[in-house]
Enquirer: 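Pasting a structure here, questions to come.
We name chains A, B, ... by the order of the sequence lines, and we start the count at 1 in each one.
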2 protein chains.
Amino acid sequence: MSEEVELQSFILKNGFIWGPEPEIYGGTSGFYTYGPLGKLLKNNIENELRKQLILNKFYEVECPTILPRIVWEASGHYKGFNDLVIKCSKCKKVFRPDKLIEENKGKPEGMSKKEMLEFIQKHHIVCPSCKGRFQQKIEEATLMMKTRIGIDEEAYCRPETATTTYLPFQRYYDFFRKKTPMRVFQIGKAYRNEISPRQNVLRGREFTQAEAQVFLTQEEKNNYKEYEEVKDLKIPLWPYKEQKKGKPKKMSLKNALTKKYLQNKAYAWCLGITYTSLINLGIPENKIRFRQHYPKERAHYALDAWDVEVLTPTYGWVEVCGVHDRGDYDLTQHSIKSGKKLVFEGKKKPHVLEIAYGSDRILLSLINIFLEKEKERIVLRLPSHISPIKVSIMPLVRKDGLPQIAKKIYADLREEFIINYDETGSVGRMYRRMDEKGTPYCITIDYDTKKDNSVTIRERDSMKQVRIKIKDLKETLKKLIKQEIEFEKAGKKFN
Amino acid sequence: MSEEVELQSFILKNGFIWGPEPEIYGGTSGFYTYGPLGKLLKNNIENELRKQLILNKFYEVECPTILPRIVWEASGHYKGFNDLVIKCSKCKKVFRPDKLIEENKGKPEGMSKKEMLEFIQKHHIVCPSCKGRFQQKIEEATLMMKTRIGIDEEAYCRPETATTTYLPFQRYYDFFRKKTPMRVFQIGKAYRNEISPRQNVLRGREFTQAEAQVFLTQEEKNNYKEYEEVKDLKIPLWPYKEQKKGKPKKMSLKNALTKKYLQNKAYAWCLGITYTSLINLGIPENKIRFRQHYPKERAHYALDAWDVEVLTPTYGWVEVCGVHDRGDYDLTQHSIKSGKKLVFEGKKKPHVLEIAYGSDRILLSLINIFLEKEKERIVLRLPSHISPIKVSIMPLVRKDGLPQIAKKIYADLREEFIINYDETGSVGRMYRRMDEKGTPYCITIDYDTKKDNSVTIRERDSMKQVRIKIKDLKETLKKLIKQEIEFEKAGKKFN
């Protein structure tokens, strides 16, 4: 079984991600369901990002996911958000010519449509599905999903949350009582009608973005108070000028500005808080890098762009976030199209810096990084504060009053944590089951519990056990989950 | 200014709800943005529902919002989810004939299309927009928003979360290790292409549902353990047989079963936990009623249905939740259409009970219920645990070191609560501003603070003040917000 297949069967079996949906009807590529454990994990990830953004003075908003065509004309998505496609003349299936060319060792970057067709003809590339010949034309297919509002208003599912966040600019300006910078974020769905969705939720057609936007004046980009809090933070930067020869280097943000790898303090701050948020999610330092886009690689709106990538065993480096200096592009476009003045202080054009996380990609990367196959067990070593289920309560046997005690403890703890109750097997098997689900602590109730009112806590990662009084359980678990105390000091050693 | 206009201008001005979006392009009916305060409130409401559902042993899932046509054919939405419409022959605008008839004192229920046309002709009803004559035909317009996946797969934005929750039935059955009842919920977007969206977010085209589903066997409906926990709960029931003559009556669920107002224990439990969750959101007891649908009023899938309604000053009784016994309708349909066996224990057809909350409706109802216009101030008396901003910190003056102390307190508290800092006006004006935003507590730092390390807490509702040591602030505020202590006992009385 390939590594990818193994990972996908793990997430499917354990209730993390199911699909492609609708499974019972055969499935449509790019659409998934988060099962009970996947959704708990996704909520924990999004709540951690939310908490960090709020502490960095961002306010959350929620904008429509469907907006009329005029919005996407202004943003540039209506004309510019396309993939090139080629159709098989026999089975009528559609493929991306750039992918076909890559698979045949060509370099599609910079090729014109004509050159692509010539390459396909010269290399006798045929339809991967039916071996039929391709049509002699390459077309553009929009990545946006079109719909209608009312009877006949053309509209599109948003391809990013960002544009929808920009539209209420004037409302923000009033809400923040004309103080800049204004910081706003949105966590929500976006849709891209990918021609070839792949790699599970890494490239789905429906996905969740957590996108933060800083609105500020051009001058504020280098007069940004909060920069002082992060300037000495060292993060692994890989500027485009270094990508041919060197590797990413850890350097302070201050240093990166001096070396002109970064253009302004506000942008440096964005990179700094992004790095901290990924560390707070538990991603190991040595598995993070910030890769700058080459100027020609940037999106149409970007003055500067860095991908934040995470190293996974199965998928290699995965882009989990992008940080973009969108300049004054978006608000200028919407101002022109709407005829509304969208400015600070009567005349200053708002610039926008954007931090765009992909929830789904962070989630799958975390599972991939922390999943370990040991000799005796499969264990998902997720950091305890983001683990879906924190604790499992299990009586040693199903008799002699042990289940009753266990159920009482379960009832006491369940207002505080997401917990599980299990009495359906041997303790060893119940431990293994929770190891796979990433549950950091198991509580066992045994015959001694009846004598000394103590229980055993078993730690997932070390498989060590300590003995602790029932009355101290809640507070101790709280501290363990927050990693405020060491496990071995949490109670009396126990074998 | 009408009451409704006043309410809408309040939510707009204070950053609760903006729209219809995209405002700068003129707006499209039925689409709104939750501004910073609205989104905080919406999260608090949804998290409270989430907490209650988890305590009642529901697991959350997240399913696609777009699914191919075959799913909606099976669910019955493809054919059955329509509004009747009539078009103006002059301006081509489209209206709902039932609404036109109602506005002209007719009773459209049960009328055929022909009878509707006759009524419109007889009463000389013309286009409300241009006074033109209507076309001589009534058509059906689907309420679903259509799109495409890939190049040519017909698909629809989901008109409810429920159907998407049913599809992974077999996955749940494995995940729950074949134990029933299985309880699952989903909080997410749904879309209805309403012909005439109105009443702000009460009837939007994009909205959020929090829908909980219980999958169980027919026998389990009257053998439902958790019923015992709620059977004595008294809730205001209005069975359809009593709706002509009587008013809703508070009665215990047990009593309602005996009187055959309710058909089974599991359904009674659903009503019970729904009532408790609305009480936990702070909705006053006397503003809640459960209204049963008349048999002919029920949706095509429902064996029994009760609307849960909340009394608001502006909109009257608002349906904020529906509880449905969907019988075995959904899984039978999907089983037939997919050819998959979707059963318990090899043969038993799964029944489904559903609790379907509308987040947006709860939110707007809460604002409407708790908004009060007093002589001297506008005050939003939201319960403190769901208020968007819990505390505002304000120095009495902007000098003599008071802002520094205030900022230190702000920094200490902001990891714990959503709080605000303000130093931009007189204390009186700052209080008023927070009253409108529903902030239950304000902290003032004054000259005495420098001497005695104490601050003043001012309560929104009573406008009373107490004096308290800075070191006790965090714990006291926690208790106040959870309503664990009385305000006047929280500190030394202060004028």
Enquirer: Below 4.5 Å, heavy-atom pairs only: which of A/Arg50, A/Glu62, A/Glu60, A/Arg177 has the largest tally toward chain B?
Expert: A/Glu62
Enquirer: Below 4.5 Å, heavy-atom pairs only: which of A/Thr424, A/Val94, A/Ile66 has the largest tally toward chain B?
Expert: A/Ile66
Enquirer: Working to the nearest 0.5 angstrom, can you tell me the gap between B/Leu363 CG and B/Asn44 CG?
Expert: 10.0 Å
Enquirer: Report which part of A/Arg148 has an atom under 4.5 Å of a heavy atom belonging to chain B: side chain, backbone, both, or neither.
Expert: backbone
Enquirer: Checking B/Gln52 against B/Asn280: is there a side-chain donor and acceptor pair closer than 3.5 Å?
Expert: yes
Enquirer: If you count heavy-atom pairs under 4.5 Å between each of B/Ile24, B/Thr147, B/Val184 and chain A, which one has the most?
Expert: B/Ile24
Enquirer: Measuring heavy-atom distances to chain B, does A/Asp174 have an atom under 4.5 Å in its side chain, in its backbone, in both, or in neither?
Expert: neither
Enquirer: Pick from A/Gly150, A/Ala74, A/Gly15: which one has the most heavy-atom pairs with chain B under 4.5 Å?
Expert: A/Gly150
Enquirer: Looking only at the side chains, is there a donor atom on one of A/Thr165 and A/Gln213 sitting less than 3.5 Å from an acceptor on the other?
Expert: no
Enquirer: Using non-hydrogen atoms and a 4.5 Å limit, figure out which bit of A/Pro68 sits close to chain B: side chain, backbone, both or neither.
Expert: side chain
Enquirer: Between B/Glu423 and B/Tyr421, what is the shortest heavy-atom contact and its length?
Expert: OE1-OH, 2.7 Å
Enquirer: Are the side chain of A/Ser75 and the backbone of A/Trp72 linked by a donor-acceptor contact shorter than 3.5 Å?
Expert: yes
Enquirer: At a heavy-atom separation under 4.5 Å, does A/Gln186 approach chain B through its side chain, its backbone, both, or neither?
Expert: neither
Enquirer: Can you find a side-chain donor-acceptor pair between B/Tyr34 and B/Asp360 that sits under 3.5 Å?
Expert: yes
Enquirer: Side chains of A/Lys42 and A/Thr208: any donor to acceptor distance under 3.5 Å?
Expert: yes
Enquirer: Quick check on the interface: out of A/Leu143, A/Val85, A/Leu12, A/Ile195, who has the most heavy-atom pairs with chain B under 4.5 Å?
Expert: A/Leu12
Enquirer: Less than 4.5 Å to any heavy atom of chain A: does that hold for the side chain of B/Glu23, its backbone, both, or neither?
Expert: side chain
Enquirer: Going through the distances and angles, do B/Lys87 and B/Glu139 end up as a salt bridge (Lys or Arg N to Asp or Glu O under 4.0 Å)?
Expert: CA-CA 9 Å; B/Lys87 209 181 223 177; B/Glu139 291 171 292; over 6 Å; no
Enquirer: Below 4.5 Å from any heavy atom of chain B, which atoms of A/Phe175 appear? Answer side chain, backbone, both or neither.
Expert: side chain
Enquirer: Looking only at non-hydrogen atoms, find the nearest pair between A/Arg158 and A/Lys189 and report the distance.
Expert: NE-O, 2.6 Å
Enquirer: Look at the side chain of A/Ser338 and the backbone N and O of A/Lys340, then say whether any donor-acceptor pair between them is shorter than 3.5 Å.
Expert: yes
Enquirer: Quick one: what part of A/Asn43 sits under 4.5 Å from any heavy atom of chain B, side chain, backbone, both or neither?
Expert: side chain
Enquirer: A/Lys51 versus chain B, heavy atoms under 4.5 Å apart: side chain, backbone, both or neither?
Expert: neither
Enquirer: Under 4.5 Å heavy-atom distance to chain B, tell me which part of A/Lys92 shows up: side chain, backbone, both or neither.
Expert: neither
Enquirer: Should the pair A/Lys390 and A/Phe417 be classed as cation-pi, given the thresholds of under 6.0 Å to the six-membered ring centre and 45° from the axis?
Expert: no
Enquirer: Check whether A/Arg433 gets within reach of chain B through its side chain, its backbone, both or neither, counting any heavy atom under 4.5 Å.
Expert: side chain
Enquirer: Is it true that a side-chain atom of B/Arg205 and a backbone atom of B/Arg192 form a donor plus acceptor pair closer than 3.5 Å?
Expert: no
Enquirer: Give, as side chain, backbone, both or neither, the part of A/Thr65 having an atom under 4.5 angstrom from any heavy atom of chain B.
Expert: both
Enquirer: If we define contacts as heavy-atom pairs under 4.5 Å, which of B/Glu153, B/Arg414, B/Arg171 has the most with chain A?
Expert: B/Arg171
Enquirer: Can you say whether A/Leu167 sits under 4.5 Å from chain B via the side chain, the backbone, both, or neither, judging by heavy atoms?
Expert: both
Enquirer: Does any backbone or side-chain atom of A/Leu342 lie under 4.5 Å from a heavy atom of chain B? Answer side chain, backbone, both or neither.
Expert: side chain
Enquirer: Tell me, side chain or backbone of A/Ile187 under 4.5 Å from chain B's heavy atoms, or both, or neither?
Expert: neither
Enquirer: Which answer fits A/Lys179, side chain, backbone, both or neither, if we ask what part of it has an atom under 4.5 Å from a heavy atom of chain B?
Expert: side chain
Enquirer: Roughly how far apart are A/Tyr191 OH and A/Glu206 CD, rounded to 0.5 Å?
Expert: 4.5 Å
Enquirer: Which one of B/Phe169, B/Tyr172, B/Tyr156 has the most heavy-atom pairs closer than 4.5 Å to chain A?
Expert: B/Tyr172
